[in-house]
Amino acid sequence: MSAHAGTIDHHHDHTTVTGIPNKKLFMWAFLASDCMFFGALISTHVIYRLHPAPDITDPLRVFSLELTSFSTFILLMSSLLMALAVGACQKGKVEATRKMILGTIFFGLIFLGCQVYEFTHFVHLGMTLKSDIFGSTFYTLTGTHGVHVAIGILWLVFMYIRTFKPADASRAWIARGLTQFAAFAIATVAVMVMMLEVTHAGAEHGYTNFNALAGALFHTPFVAISTTAFALSIGVLFLLGRSSWAVDFGEANAIDVESMGLYWHFVDIVWIVIFTVVYLLEYL
Amino acid sequence: MSAHAATAPHAAHDAHHDDGKFHLFVQIAMILAVITGVEIVLIYIPLAKWLIVTSLVVLSLVKFLMVIFWFMHLKFDKAFCTILFFIGMVLAGGTVAALMLLFSARDSVPLSAQTIYAERAAAAAE
Amino acid sequence: MATATTAAYTAPEAKPASRPWFFARPAAKTGLVGWLTTVDHKKIGLLYAITSLFFFLVGGIEALLIRVQLAVPNNTFISHQLYNELFTMHATTMIFLAVMPLSAAFFNYMMPLQIGARDVAFPRLNGFAFWVFMAGAILLNVGWFTKAGAPDVGWFGYAPLTSNAYSNQFVGDVSTDLWIIGLQVLGVSSVIGSLNFIVTIINMRAPGLTMMRLPVFTWMTLFTAFLIILSFPAITIALVELMMDRSFGTGFFEVAMGGMPILWQHLFWIFGHPEVYILILPAMGIVSEILPTFARKPLFGYPIVVFSGAVIGFLGFGVWSHHMFTTGMGTIATAAFSLATMAIAVPTGVKIFNWVGTLWGGQIITRTPMMFALGFIWMFMMGGFSGVMHSAAPADAQQQDSYFVVAHFHYVLIGGSIFALLAGIHYWFPLVFGRIVSEFWGKLSFWVIFVGFNATFFPMHFLGLNGMPRRTAVYDGNMGWNNANLLATIGAFILAVGIGIYFAVIVYTYFKGKKTSHDIWDARTLEWTVPTTPPPEHNFHVTPTVHARDAFWYEKTHAKEIAAEKARVAAETEAHGGIHMPSQSWYPLVTAMGLFIGALFFAHHNYTGAIVGAGILLVGVLGWAFEGPGGYHLHVKPDGTVTGGEGQDEAKH
Amino acid sequence: MRLRFVPSARRITASLSLLAIAVLTGGWSNSVLPVSGPQSTFDTQGPVARAQLDVFYVTVWVTLAIFVIVAGVLAYATFKFRVKDIDPNRPMPPQGHGNPLVELGLIAASIGALVIIAVPTLRAIWYTYDVPEEHRANAYEVNAIGLQWWFKFEYPLEQIEGAGPLVTGNELVIPAGRPVRINLRTTDVIHSFWVPKLGGKVDMIPNRGNHMWLQADNPGYFWGQCAEFCGESHAVMRFRVIALGAEDFAAWVEAQKQPARSVEAPAPGTPVATFASYDMTRKKRNAPGYSAEFDRDPMAAWTAFQFPDKDEDAALIARGRELFREKACVTCHAVRGHEGMGVTGPDLTHFGSRTTLAAGLLENTKEHLHRWIVHPNDVKPGNKMWMGIGTHTNVTMTGYLAWDGETKSYTGKRHIEVNDEEARALVEYLHSLK
Ligand code: HEA
Ligand code: HEA
Ligand code: CUA
Ligand SMILES: [Cu+2]
């Protein structure tokens, strides 16, 4: 913690025996463990695809390859931004790190949004957790992955707020940090509400009939409220997204960002597997 | 595909010196996107099923490895990280494979799936 | 909240004045706050030890009730339902709340000392792991105090007996939910603790301590940690699926929806078999420390003992279905698992052989720890042999779910794990408390335990082969099981007396025992080089430099060079600002409390409460993340006095 | 160090260990720790059990040999190299670090020992898996179905006109000297089918089509037990297997295929042999379910059970038959040819010819049956006749206890009341069903 001066060698940590930073080692060990975690979960899904119950939902009836491909692409891009965030932080560029983290959060949220949309859509089509075993394994597997994404987003948000921590320990910034956090939370919830409203309206009136869609959307106050909340919270985030003081965040924190990145990338590769095993293979 | 892979390490070498790994990472992301596209197209190509399945598995594996080795820096880090992660990965892979084998055995066919198996057998017989 | 924030600015005490109260770090080293906020691996180790010993007694009393019920045929001492709760909780308690955390106590206390570290890699996380363990332990046991009763599904909770339809026969029952969530929480604790140990062992070794110089106990800690992080995910998933079935109506194990209850068995034992090695490897590590010390000889074949530990751990992942020989897996799967299971006898045998090799030609001193260690070899070997008998699948068809299995696993669990852990307590007691247990009483407790143990469990082999099934609350008097059962019950009480003596003596010694210096055993490894007993919080005045496998022995024989080297290192440390120590923190406790509250409400299907708990958890994480790493420095004068401490050198940074 | 105590400690420990050895070696004597009970795995009565025992013996001899060697060396080393106490000034023993050749040799020896175990193991795995090819044509087939907490047996080869296969409960009668292939099913949780003298167990797992085979060399009466924890009354989920010679078996099948026996003529009737009613106030739960007389020759007892009692009271039987309908017994129990239609409880068509009741738990005496009928829960806690069939969330068929669908709980009141006199009639009726 005292190693502020001088350049930091990001490939060798002199305080540890192996030269690998403790946090990095911790993350890799954790990811090894997570391999078993998802291994068991994916096995369950595949076993039940191998031995399906007689009247399960036909996956092809509900799946939408366009949507899934899109969200897969989005997750890949978020991974890119994450990698860039790590790179930026290693060079001590706080501003760039913040931007990249924000971008990652944004893409992650799009992914989650797609998943929320997908789930509600499937439920509309009659496939639920309880409806059949395919629903059970599908939602549990992709949902667990979704929870991992959500935890990742939470972590990113914390890290983003962390970049504002003043170097002067006596400055009170808890209130500020909490406001930032609340703004994130409100924005996220607002977006999800908007998405759900659109899905709802679309399912009832068809997505192509723009007028009917618009009419249905503004029929209830939800959309207006959530849009306003979204705009406001983004505004707050923008305002708070600047710091005039010296921050306690820099190159030395690259390892924190990197650990978070490892987690995020791992969630991405789990999705790579899920995309192939759960979605693509169904089309054969 | 192989052409891309060949250029990647080369780019890594160059990029390392000037502007970090920015270009390298962008290129990798592009390759990943392209592979995903290939995968999606692949399922519509009328080839033998085993061939498609194999290609899908191989392509996903390539994506998997690209992410862990470049985005997750395994390539640039101490080999021990790779070993550590591979312990988990290999063990998980082995366990998944063992479970698949166990549940593919004839003795494992659940009673609830037997009608489906009968239907499939009938369809195959035609 | 807002008023509290402002209040913080006026709070003038020690140092929090410079930081918002939210991030103020506790500094008390003693008293309740000291224990609640501790990050010292030794204190955490003691917390683990005390709780696990308490639960060992709880599990033991449950066992005694079981034995009383089985003393005579058709006994009416307790009901079927209570009996089922008792054996479920007996096993769950013994495995998850006694042996595992007692092993964790040794990991925590001894491993950092053995590698010459000041603490583990993530001290706060270490505290968190303990508090989460407490949360899980309470969750598992609250059932005793509610109408629902304690969990009653057996320790491996085979589906579909755990489903809503079959586990809740008579009362609106949450005991199974508590079991699920309790195990889940314990898993979190174990995995976090283990990740911490892995990083610590790999990254925090003292200079010169190469991997092939690590004490065997540290090696076994490392393997155990790996087994934990790689096997617990399987049960986590199994429990998640079961939880989904029970709470959200999915069909993973619901036959009506096409679910396959057999899947639970696979997922459980993918965890469950490595778990039994999680229970035995630490024990083997302890014994591998004690034998060389009391034979005054290095461990015979160190590399191969270490390697065999790795092989046991690895093979342990490929044999899980030997618990499922009677599930009709088909010939090939049965044969494969049968052979794989037998293969494990080879690396285990290697250890036995090398222990014998260590004794051969040594100077064997049969002090109490050594007695337990020798008892371990004998009893574990017998348990291992009955394990090999199980591994022959056709023979196991007669043994599975009979008392033969009960005999097998108590031989490996008590004769194995417990004997070794009891040996470890005696062995390290002088180091930890600076007092020594009386030889007479120590040996007496050993012999009573030894005799009681064999009298309890040896007859069970015969019971099993004579057809007595396990998990049965009553049996008929005409089956030829009466004598053996009565003998086993008498044995269990002898065993209880032995354990009673053991702990009475330990407690007595803690208060009144003979004071001693450390190194009374003429020991070999680094933990004995601490400057004082009990060891100071910073463990070593000077970070040791290791020159040989038995580091302390080397130091004893090279006193001069070592002294010079220590002086040099001490000067260097001082030049770098002194000894860096981690600060204490409230947040591990707060976060674990959040988890506990959330889990408790979740098990009762009260989702509002669960969300509140999650909120507290989130606050804990937030405070944890933003309070910063903290830390302070100590300075050791050449004469051994220590200055500095929390809050005294805040300026640094 | 309180060394002066040690010598006396040694004397104590020595005598204790002598005692232990005496106890342990006493274990081998069959009178102290017998291994010849009704469920002994040593007293094999069929080829499957024999094959399994053979493998067991191989494992025992191999591990025993290793034990003797390793333990011998260990004991020798401990005593040979023992010294009095810690003494840092004593010269060190030679500091050997290991001997690769010895270590490799021992590894090789261990592998060799395991091969000796593995070969017969593999052979027996294939042998015990299914009826050997050459005997398959001769094999008899039955279905065994586990329920909480009793067994149902179906004979797919013995079809009854208009009633499907022959069904019985809790006592499986098989032909001796013939391989029997058993299909194992369950309707609720996992159970396990285990008749130790005939063969090891195989589980009955929901949604899984398990099977096993066994063969009884000679006619005989065998004890069996559910060997997988299956809930509250797992301990008392037992059953019997009765093997009969070819002719006896055919005769038994023929008799079983008949509809239930009716004792028509309302005769004046000799007084019923009295038996003590079950005293509800004196709860003697878990009372032994056997009698010494029965144990002495269970096969003879079984034979005796096949014939009607001499002192039947036809009037009482008729009354019992009526009550059987009135008290809703018919909803759960089938009595083929009579009013009973239910399929959720054991088939009682020939209940009187069974030696045991309540899943092999109690000898089928009138006294026991009376106790079972007035308070089944005292015999078998939580059984489905008492609690009803279904679960606490959806009872589909109420048993003795009344179920409140509103509050989803048992009201504590009885839904089926059977008083002493009624119970006696029911007993008489059920015992007449030979
Ligand atoms: C500490 C815990 C522990 C340990 C170390 C072991 C060790 C072993 N166990 Fe055990 N086991 C349990 C705990 C443990 N077990 C538990 C708790 C259960 C029951 C779970 C339940 O159902 O509730 C169980 C159940 C169990 C079963 C399932 C039984 C059944 O339910 O049907 C089997 C089957 O193969 C088995 C086998 C083995 C084997 C082969 C070993 C081997 O690792 C043993 C190896 C050791 C030796 C063999 C001795 C020394 C070796 C030599 C001297 C070398 C030469 C020897 C030979 C060549 C043979 N165990
Ligand atoms: C580490 C694990 C462990 C340990 C240590 C023990 C210890 C003991 N076990 Fe346990 N047991 C299991 C793990 C363990 N067991 C498991 C996994 C099962 C399977 C459960 C299942 O089927 O689901 C089982 C099942 C089991 C059964 C079978 C139940 C059945 O199948 O129906 C029995 C029966 O005798 C039994 C007995 C005992 C006894 C007598 C002890 C004794 O060693 C206990 C001795 C300890 C004490 C007696 C401590 C208390 C001492 C005192 C109270 C003295 C006075 C105190 C003071 C002076 C302070 N156990
Ligand atoms: Cu059925 Cu136990
Ligand atoms: Cu095992």
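Within every chain, numbering begins at 1; the chains are lettered A, B, ... in the order of the sequence lines, protein sequences first and strands thereafter. Owing to the predicted nature of the structure, the values given are computational and were not obtained by experimental measurement.
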Please tell me if the side chains of B/Leu99 and C/Ile270 come closer than 4.5 Å, counting only heavy atoms from C-beta onward. yes
A quick test of your reading: do over 12 heavy atoms of other residues, nucleotides or ligands sit less than 6.0 Å from CZ of C/Phe248? yes
Around atom CG of B/Leu65, are there more than 12 heavy atoms of other residues, nucleotides or ligands at under 6.0 Å? yes
Closest contact, heavy atoms only, B/Ser108 versus C/Met260: O-SD, 4.4 Å
Do B/Leu102 and C/Phe337 have side-chain heavy atoms sitting under 4.5 Å apart? yes
CD1 of B/Ile87 to CZ of C/Phe226, rounded to nearest 0.5 Å, is 4.5 Å
Chain C heavy atoms under 4.5 Å from B/Leu84: which part of the residue, side chain, backbone, both or neither? side chain
For the CZ atom on C/Phe314, are there more than 12 heavy atoms of other groups (residues, nucleotides or ligands in this structure) within a distance under 6.0 Å? no
Closest non-hydrogen atom pair, C/Gly258 against B/Ser112: CA-OG, 3.7 Å
Which bit of C/Ile202 is near chain B, if near means a heavy-atom gap under 4.5 Å: side chain, backbone, both or neither? side chain
To the nearest 0.5 angstrom, please state how far the CG atom of C/Leu263 sits from the CZ atom of B/Phe103. 5.0 Å
Where on C/Thr327 is there a heavy atom nearer than 4.5 Å to chain B: the side chain, the backbone, both, or neither? neither
At their closest point, which heavy atom of B/Gly88 faces which heavy atom of C/Leu230, and how far apart are they? CA-CD2, 3.8 Å
